[in-house]
Amino acid sequence: MISHLKNAASAEKSRETAQNGPSGSAVLPSKHPTAKPTQAPGTVSSKPPTVAPPKKVVPSKKPVPSKTAKAEPETPPAKTEPTIGETDAGPAVAGPCSGVLIKPGQNAQAVVNSQPAGSTVCFASGLHRISQTIRPKANMTIASSARAVLTGSVPLTSWAKSGTRWVNHGALPSAYGKAGQCEDNKANICSLREQVFVDGTHLTRVASAAAVKAGTFFADYAANAIYLGSNPAGHKVEMSKTATAIESNQPGVTVRGLTIEHFASPAQAGALVSGPNWTVKANEVRWNKSVGLMLVKANNTKVERNLVHHNGQLGLGQYNSLKANVTRNVITYNNTDGFWIADWESGGMKSTRSSGTVSANLIRSNKGVGFWADVADDGRTISSNKIVSNAADGIRFEISRNGVIENNTVTGNGFGTGRGSGTSLWDGGGINVNTSSNVTVRNNTVSGNVNGVSIQSRTRGDGPWGRYLLRNVHVTGNTIGMTGGTQATGMVQNSGAEVPAGQLTFSANTYLLDKLAAQRFSKFGTKLTAIGWRSAGLDTSGSFSTS
């Protein structure tokens, strides 16, 4: 993982380049976490099942379809798209901008207000301090061809020595309520909105003045004071202050070629908030307090070729937005500010009550779930993404329906060690389908994750179409590697969430194992070897091989 210091130094360099010339949001509903369910009575073996010594299993080159397997959907798999590379996204690929020029120091919203709907405004090269949210009119283009940086921060000067610390007075807002769930749920400071940067390096917030040391800061709202642990003399110190850079419910807006950083949005809200039929393309959205890029009632919006990284909670959020397409973006290193990794909306991308396609993205090294569809997503395709080294599940499809998860490469996910993390199938895996219906998981490469494919049936109450149930889930044609630790593939259910026979099918998958006798499969609490998996009627057309 790239260190915060290295990335901050890179960010500061780009800010200096920008200065020297060319070289309020809706809430995203969260999951209401509960304790891990207990297994249904009578379904858990207290000891591993007795299985006859395994015979050598020969991988079948041409798997024979299982006579008992449920027929797969007739819709053919989508064509695999190449995953985006980091040099193919962001302002470098934004293209030209021709329109009314906004120079550093001008009031950007005043310029936007002076122009008619459908016009183009272009940010000149340099650092633009945004103290008022920019609200585009219908069909406007807000862009830059000169790597303009829009920042929501303000400089902090006039520091005084205070014991072993340095203090600045007068920059903080009045105290406000907290929102969100933090990894550290005792100090519970992740959702306080201000960030502090010294020469572009993101400082860690601590809970008291006594805890301040080099690389940290403390905000005392009662005294309106910020404390640093290092001498700020000769350094640029900034604090994020403005909540949102760009937001509007007007349709047809294009946002292109901007760097958006240091905005102090509250938990579950974004620095850049899209409306309907927008195109958000080739921007860099970094080092903002909560969500970098947010879609709210943003039907038919296109989000493509953006660099979305080092945001405090989540890279990208989608709420109540139908048929939105998120393609060829790089979403990395998000959740810098300590939101709950295992079970709250932190990490790469989360979508709620929405639909559309998430394809050909690189989603890597986020402290949370890579991509998470949760709470009534309906009609979601997740395809051709590279989802790597995220701290929780690579893909989590939860209390939603009508999903296709196909042609993704999902590796190295789920090894976070914070509260609620674990290694059982209840804790998830490379791909996790949780209490959802009509889901096809096909042609993915899933390897080196905490688990392979985890299918979970829980009691989750009712949604917009009735009771949330695990029904009609097909796992087919995937390559699933499980060669170490406690890695497994299979299904779990809790009492009251039993699954009728025939609702879950595994067919024609290829399993790569450390040894054929390893119990790397589980059927509702019973651990199984490859032979046992087949004997239980699961994936009789699949193949098994050892490394």
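Not measured: the values here are computed from a predicted model.
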Q: Just jot down the side-chain hydrogen bond (donor to acceptor under 3.5 Å, both in side chains) partners of Thr332, sequence neighbours excluded, or say none.
A: none

Q: List in chain and number order the residues that pass side-chain hydrogen bond (donor to acceptor under 3.5 Å, both in side chains) with Asn288, two or more places apart in sequence or in another chain; answer none if no residue qualifies.
A: Asn311

(Q) I'd like to know if the side chain of Glu398 pairs up with that of Trp372 as donor and acceptor (distance under 3.5 Å, no hydrogens or angles considered). (A) yes

Q.
Arg328: which residues meet the salt bridge (charged side-chain N to carboxylate O under 4.0 Å, His left out) condition with it, sequence neighbours left out?
A. none

Q) What pairs with Arg467 under salt bridge (charged side-chain N to carboxylate O under 4.0 Å, His left out), at least two apart in sequence or on another chain? A) Asp462

Q: Work out which heavy atom in Ser457 is nearest to a heavy atom in Trp426; give both atom names and the distance.
A: O-CH2, 4.2 Å

Q. Within the distance-only criterion (no hydrogens, no angle test), does the side chain of Asn361 pair as donor or acceptor with the backbone N or O of Val326 below 3.5 angstrom?
A. yes

(Q) Show me the pairs that pass salt bridge (Lys or Arg N to Asp or Glu O under 4.0 Å) and involve residues 294-304, at least two apart or across chains. (A) Lys281-Glu304

Q: Using salt bridge (charged side-chain N to carboxylate O under 4.0 Å, His left out) as the criterion, list what pairs up with Arg256, not counting sequence neighbours.
A: none

Q: For the residue pair His310 and Trp287, categorise the inter-ring angle as parallel (less than 30°), tilted (30 to 60°) or perpendicular (more than 60°).
A: parallel

Q. With no hydrogens and no angle check, do the side chains of Arg380 and Ser400 hold a donor and an acceptor under 3.5 Å apart?
A. no

Q: Apply the test ring pair (Phe, Tyr, Trp, His ring centres under 6.0 Å) to residues Trp533 and Phe506: give CA-CA distance (whole Å), side-chain angles for both, the deciding distance (0.1 Å), then the verdict.
A: CA-CA 10 Å; Trp533 185 244; Phe506 285 75; 5.0 Å; yes

